[in-house]
Amino acid sequence: MLGSTAGSSFPGNDYAIVRYTNTGITASGVVDLYNGSSQDITTSGNAYVGESVRRSGSTSGVHSGTVQALNVTVRYSEERSPA
């Protein structure tokens, strides 16, 4: 186990935070791109409006975009429409 769940929320929100406590496991700083490859995480920082960003999710894949606003909440239905 990598660590303990420090917080999570679903449905209504969709996130989880893990407190890294198992120093016997080396946590890699990579993001899965779901095409057989990954991307190293090389830096972190606070987002700013206009910044170019990418996100990666097992269901939706990888998408690029631009930060449009800060400190806002997006709500969505957990129901999926038929394709």
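The figures here come from the full heavy-atom set of this structure, side chains too, leaving out hydrogens, waters and symmetry mates.
- When the side chains of ILVMFWY residues are joined at heavy-atom separations under 4.5 Å, either directly or via intervening members, Val49 and Val53 end up in a single hydrophobic cluster.
- Cluster annotation: Val18 is not connected to Ile41 through the hydrophobic network of ILVMFWY side chains, with a link wherever side-chain heavy atoms come within less than 4.5 Å.
- Remark: Gln39 CD to Asp32 CG distance equals 11.5 Å, nearest 0.5 Å.
- Judged by distance alone, the side chain of Asp40 and the main-chain N or O of Thr42 form no donor-acceptor pair under 3.5 Å.
- Separating the OG atom in Ser4 from the CD1 atom in Ile17 is a distance of 11.5 Å, to the nearest 0.5 Å.
- Remark: Arg55 CZ to Ser60 OG distance equals 4.0 Å, nearest 0.5 Å.
- Contact annotation: the side chain of Tyr20 approaches that of Leu2 to within less than 4.5 Å [non-hydrogen atoms, C-beta and beyond].
- Considering every non-hydrogen atom in both Ser56 and Tyr34, the closest pair reads OG-CE1, 3.1 Å.
- Under 3.5 Å, the side chains of Asn35 and Ser37 contain a donor-acceptor pair of N or O atoms.
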